[in-house]
Structure formats: structure tokens, C-alpha cells
Amino acid sequence: MSPAGPWFAKTLLTGLLPIVCLAGLVWALHGPAAGWAAAALAFMLVVVVQTRRLAVLLAWLDSPGSAGFPDTGGAWGDVFLKLSRKLRHDARTLEAVEARLRSFRDAMDAVPDGLVILDASHRIQWHNRAAEAHLGIRLPRDTGAIIEQLVRTPGFADYLGSPDPTASFLLQSAALRTRVYALRVVPLGEQHKLLVSLDVTDARRVESMRSEFVANVSHELRTPLTVVSGFLEHFADEGTMSADQRLHFARLMSDQTARMLSLVDDLLTLSRLEAEDAPASEEDVDMADLLAQLLSEGQSLSEGRHRLAVSCRGPALRGDRKELHSAFGNLVSNAIRYTPAGGAIAIEWTLRDGNGMFSVRDSGVGIAAQHLPRLTERFYRVDRGRSRDTGGTGLGLAIVKHILLRHQATLAIESQVGEGSTFRAEFPAWRLKSEI
């Protein structure tokens with residue numbers, strides 16, 4: 001029996017059977033004409049009732065959630081009950097689908113790569129939040145817009161028409177010229193495409209830094225090697241040089257060799273620091289003893305040409321003594337190298353707002369403001385010629401920065417041309433030894 005069978009039987013019993021019984025009773029009492037008249041009136045009444053119930057059904061279907069389903073009883077009551085259950089089931093199913101769709105959209109918005117769905121005509125159907133930043137797309141404003149009309153970079157339209165799915169296209173952001181994105185088109189079904197944008201700015205910057213680093217190292221090593229190679233050619237011709245000239249050239253080659261060794265040592269130190277996240281060892285460093293050692297080394301490097309002063313008014317510092325000595329020593333040696341004879345250099349360890357503060361203040365030539373943000377970059381020099389004359393490798397402040405990062409410290413630099421510079425390293429309070 002079909003699903004409608006029971007309902008039809010119930011309708012027949014509850015609707016037609018009473019009419020037949022009523023018509024038969026009137027027929028028996030008043031004759032055939034009265035019986036047919038009674039049957040006609042009963043059928044008209046049934047039609048009116050059914051029409052009214054149909055109107056109630058239509059009104060309820062327009063807003064089924066406004067109230068409970070109408071209780072009409074009989075077969076129509078069963079219809080309302082089943083419709084109500086079906087609508088509730090469909091509503092729950094719809095809510096679950098919408099919840100999954102919201103979860104999917106949230107997940108797609110959390111993806112750092114831009115995602116744009118295009119139809120066969122390259123019209124925008126959907127995109128995630130990252131695509132707004134990468135490509136400048138806004139929905140619903142740009143829904144249905146052809147993406148080539150929004151991304152007007154030369155070659156982009158040709159790339160979208162390329163059949164090679166492994167090819168990529170580099171795009172520079174129109175709003176932020178410093179950002180670079182790699183675009184790739186992936187087939188999505190038969191009629192759609194997925195445009196993926198990946199921010200490759202940092203990767204390209206790292207690649208540029210790597211190339212620049214190799215070029216700088218090559219340049220720094222080439223100069224002393226050229227000098228040593230040239231002198232060796234002169235040494236091969238014994239008859240053209242006196243003993244004094246040989247001694248002079250030997251000293252120059254020794255200086256250049258020492259410079260190369262210093263550069264290699266700094267490179268190895270910097271490589272080791274970058275490869276590790278934390279200090280190699282932790283100990284309570286006696287800052288008074290460390291500052292006394294820095295003073296002695298500074299006086300030896302200065303050879304009496306500067307006035308050096310030390311002040312230690314803070315507790316012991318927890319960290320790697322060798323690394324801290326290297327970082328502080330670089331700051332002191334830089335101050336000596338770039339301070340003219342007769343200048344003053346102050347080395348201080350003190351407390352400030354509960355944190356440990358190591359500072360080196362000099363009365364040297366100073367540094368222009370535009371150079372300050374880049375001082376800790378590898379091989380960055382304010383004056384290349386002066387740096388070489390003072391024996392610097394261009395890596396000292398880069399080493400200082402990495403050592404301080406490993407000790408959760410920060411470096412601040414203040415300087416004015418002609419008035420000197422101050423380098424401050426601030427350490428967190430938890431790295432200071434309690435005086436209790």
C-alpha cells in the first residue's frame with residue numbers, strides 16, 4: 001500500500017461515511033428527493049470545511065515558525081503534524097549545513113593565503129579575507145566583477161589564460177609597494193578556477209639578504225686577499241726589495257691576515273648565535289668584575305688616548321658570561337674606535353625601573369638619525385672607509401643584537417652628529433640576582 005493509502009482510508013471513513021448514513025436516513029424518512037438534497041447539502045458542507053482547512057494550511061505554510069501547527073483534528077490534523085515534523089527536521093538540517101558553512105568560511109578566512117573562486121569568464125564568485133589584502137577585492141561590491149578589471153598588472157590577464165597549472169605569477173601590491181605576492185591558478189571543477197595568492201615578501205627579502213651577505217663577505221675578503229697576493233708577488237722577486245721593505249710588507253700582510261681572521265671569527269660567532277635560541281650556559285655574572293675587565297681591555301685598546309670611566313651600581317646578571325663579555329666588549333671597542341683622541345667614554349651598569357641597564361656613552365663623532373635603524377644589520381656601515389681604517393668587520397653590532405635577544409634584552413641607541421652616542425642594553429628583572 002502506498003503512503004497515501006491510510007490517509008485516504010481515514011478521510012473516506014471520517015468524511016464520506018457520515019454523509020452516506022445521513023442521506024440514507026433522510027431517504028428512508030422523507031423519500032428520495034429529500035435524501036439527495038440532504039446528501040448535496042452535506043457535500044457542500046464538507047467542501048466548505050475542507051476549503052477552510054486548506055486556507056489554514058496555506059496560511060500556516062507562509063509562516064510555520066510563528067506558532068505551533070493548527071490542531072484541526074482528523075486526517076488534516078495528521079497532515080499538519082507530519083508537515084510540522086518535516087519542517088522542523090529540514091530546519092535542523094539547514095542549521096547544521098549553515099553551521100558547517102560558517103565553520104568552513106571561518107577556516108578559509110584564517111588561511112594566510114588569498115583564495116578567490118572564479119567562473120569560466122573569470123568573474124569573482126567568492127574570496128577569503130586574505131584575498132582582500134592581497135588583491136584589493138571587496139564583496140559584495142565586487143561580486144561578479146571580472147578579476148582582470150580589478151588586478152590591472154601587465155601580464156596578469158595573459159597568465160590567467162595560460163593552460164599551465166604549475167606556472168606562477170608575481171604581483172606587487174598596488175597599495176603597499178613593499179609587498180610581493182605569488183599567484184597560482186588551480187582548476188576547480190569543469191567551469192571554475194581557484195586563484196591562490198601567497199605572500200612571498202619575506203622569502204624574497206631573505207633571498208635578497210642572502211645574496212647581499214655573500215656579496216659583502218666576498219668584498220670584505222677580496223680586499224685583504226688582493227693586498228696579500230700583491231705583496232707575495234713582490235716577495236717572489238728578491239732583487240727588487242730591501243730588508244726593510246720586506247719587513248714592512250710582512251707587517252702589512254700580517255695586518256691583513258689578522259683582519260681576515262677577525263672577519264671569519266665574527267662570521268662563525270654570528271652563525272652560531274643565529275642557530276641557537278638560548279645562551280649556551282647560565283650563571284650569575286659578577287658585573288663589577290666584568291666591567292673592570294672591560295675597562296682594562298678598553299684602556300689597552302685606547303692606549304691612553306681617551307678618558308674611560310666605569311660605574312657599577314646594580315646586582316649580578318644571570319646569563320652566559322662569555323657572550324655578555326663579547327656583546328659589551330663590542331660596544332666599548334666601537335665607542336673607542338669612533339671617539340677622537342681626548343674624548344670621554346662612560347661604561348655603566350645600573351638599575352632602572354627594576355630592570356638591569358648596561359650603557360656605553362661616548363663623546364665621539366655621533367651618527368646621523370637615518371642610520372640608527374640599520375646599525376645592527378650585518379656589514380652595514382655609516383662610513384665604509386672609516387670602518388676599515390678602525391679595523392671593524394661590520395658584524396659587531398649584529399653580534400650584539402643576537403646576544404641580547406638570547407638574553408631577552410633590548411638594545412636602544414641614541415646619537416647626534418658631533419655630540420656622541422649612547423648604546424643601552426636593558427635586561428628583564430628576572431635575570432637580575434636578588435640582593436636578599
Side-chain angles (χ1 to χ4, degrees), residues 3 61-66 82-214:
L61 287 176
D62 287 337
S63 56
S66 60
K82 290 186 177 182
L83 277 175
S84 177
R85 289 174 178 173
K86 183 69 168 66
L87 289 175
R88 283 199 299 267
H89 177 269
D90 291 346
R92 287 193 296 267
T93 302
L94 180 61
E95 288 179 359
V97 171
E98 290 178 343
R100 287 194 293 268
L101 181 59
R102 286 193 299 269
S103 177
F104 172 78
R105 287 179 175 175
D106 292 342
M108 292 302 99
D109 281 337
V111 172
D113 301 338
L115 303 173
V116 184
I117 296 179
L118 307 173
D119 65 11
S121 301
H122 298 169
R123 296 183 183 276
I124 298 172
Q125 305 297 306
W126 174 87
H127 73 83
N128 68 344
R129 189 175 302 164
E132 292 187 0
H134 294 184
L135 305 175
I137 300 172
R138 296 290 184 275
L139 292 183
R141 182 194 69 185
D142 297 327
T143 301
I146 297 176
I147 194 168
E148 292 97 319
Q149 296 177 351
L150 301 178
V151 182
R152 297 181 176 272
T153 302
F156 177 67
D158 294 335
Y159 168 72
L160 283 183
S162 172
D164 185 3
T166 63
S168 60
F169 181 84
L170 289 181
L171 172 70
Q172 191 170 37
S173 171
L176 301 173
R177 304 296 294 178
T178 56
R179 310 305 298 179
V180 180
Y181 305 102
L183 307 184
R184 175 165 291 182
V185 174
V186 180
L188 191 64
E190 296 182 358
Q191 299 294 326
H192 291 79
K193 295 179 180 179
L194 177 64
L195 178 64
V196 182
S197 62
L198 174 66
D199 191 337
V200 296
T201 306
D202 293 337
R204 289 176 65 85
R205 184 180 296 123
V206 168
E207 184 63 29
S208 176
M209 289 175 59
R210 183 183 295 111
S211 299
E212 183 180 353
F213 176 73
V214 172

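Note that these values count all heavy atoms, side chains included, but never hydrogens, waters or copies made by symmetry. Being a predicted model, the structure only gives us computed values, none of them experimental.
Note that CE of Met108 is 6.5 Å distant from CG of Leu115, once rounded to the nearest 0.5 Å. Between Asp119 atom CG and Lys193 atom NZ the span is 10.0 Å, to the nearest 0.5 Å. Here the NE2-OG distance, from His127 to Ser197, works out to 11.0 Å after rounding to the nearest 0.5 Å. One distance of note links CD1 of Ile146 with CD1 of Ile124; it measures 9.5 Å at 0.5 Å rounding. To the nearest 0.5 angstrom, Ile147 atom CD1 is 5.0 Å from Leu118 atom CG. Rounding to the nearest 0.5 angstrom, the gap separating the CG atom in Asp142 from the CD1 atom in Ile137 is 7.0 Å.
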Would you check, one step at a time, whether the test side-chain hydrogen bond (donor to acceptor under 3.5 Å, both in side chains) holds for Gln125 with His192?
-> CA-CA 9 Å; Gln125 305 297 306; His192 291 79; 5.1 Å; no
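Ser168 and Arg184 get closest at one heavy-atom pair: CB-NH2, 4.1 Å. Contact between Arg123 and Gly144 at its shortest, heavy atoms only, is NH1-O, 3.0 Å. In terms of heavy atoms, Pro112 sits closest to Ala130 at O-CB, 3.5 Å. Minimum heavy-atom separation, Tyr181 to His134: CE2-CD2, 3.2 Å.
Between the side chain of Arg129 and the main chain of Ala110, no donor-acceptor pair closer than 3.5 Å is present. A donor-acceptor pair under 3.5 Å is absent between the side-chain atoms of Asp113 and the main chain of Val196, judged by distance alone. The closest donor-acceptor contact from the side chain of Tyr159 to the backbone of Leu183 lies under 3.5 Å. A donor-acceptor pair is defined here as one N or O able to donate and one able to accept, closer than 3.5 Å; such a pair exists between the side chain of Arg152 and the backbone of Gln149. Between the side chain of Asn128 and the backbone N or O of Ala131, at least one donor-acceptor pair lies under 3.5 Å.
Judged as a side chain to side chain contact (heavy atoms under 4.5 Å, CB included), and not counting sequence neighbours, the contacts of Arg92 are Arg88, His89.
Just one residue in the list Val151, Val180, Val200 forms a side-chain contact (heavy atoms from CB on, under 4.5 Å) with Leu171, and that residue is Val151.
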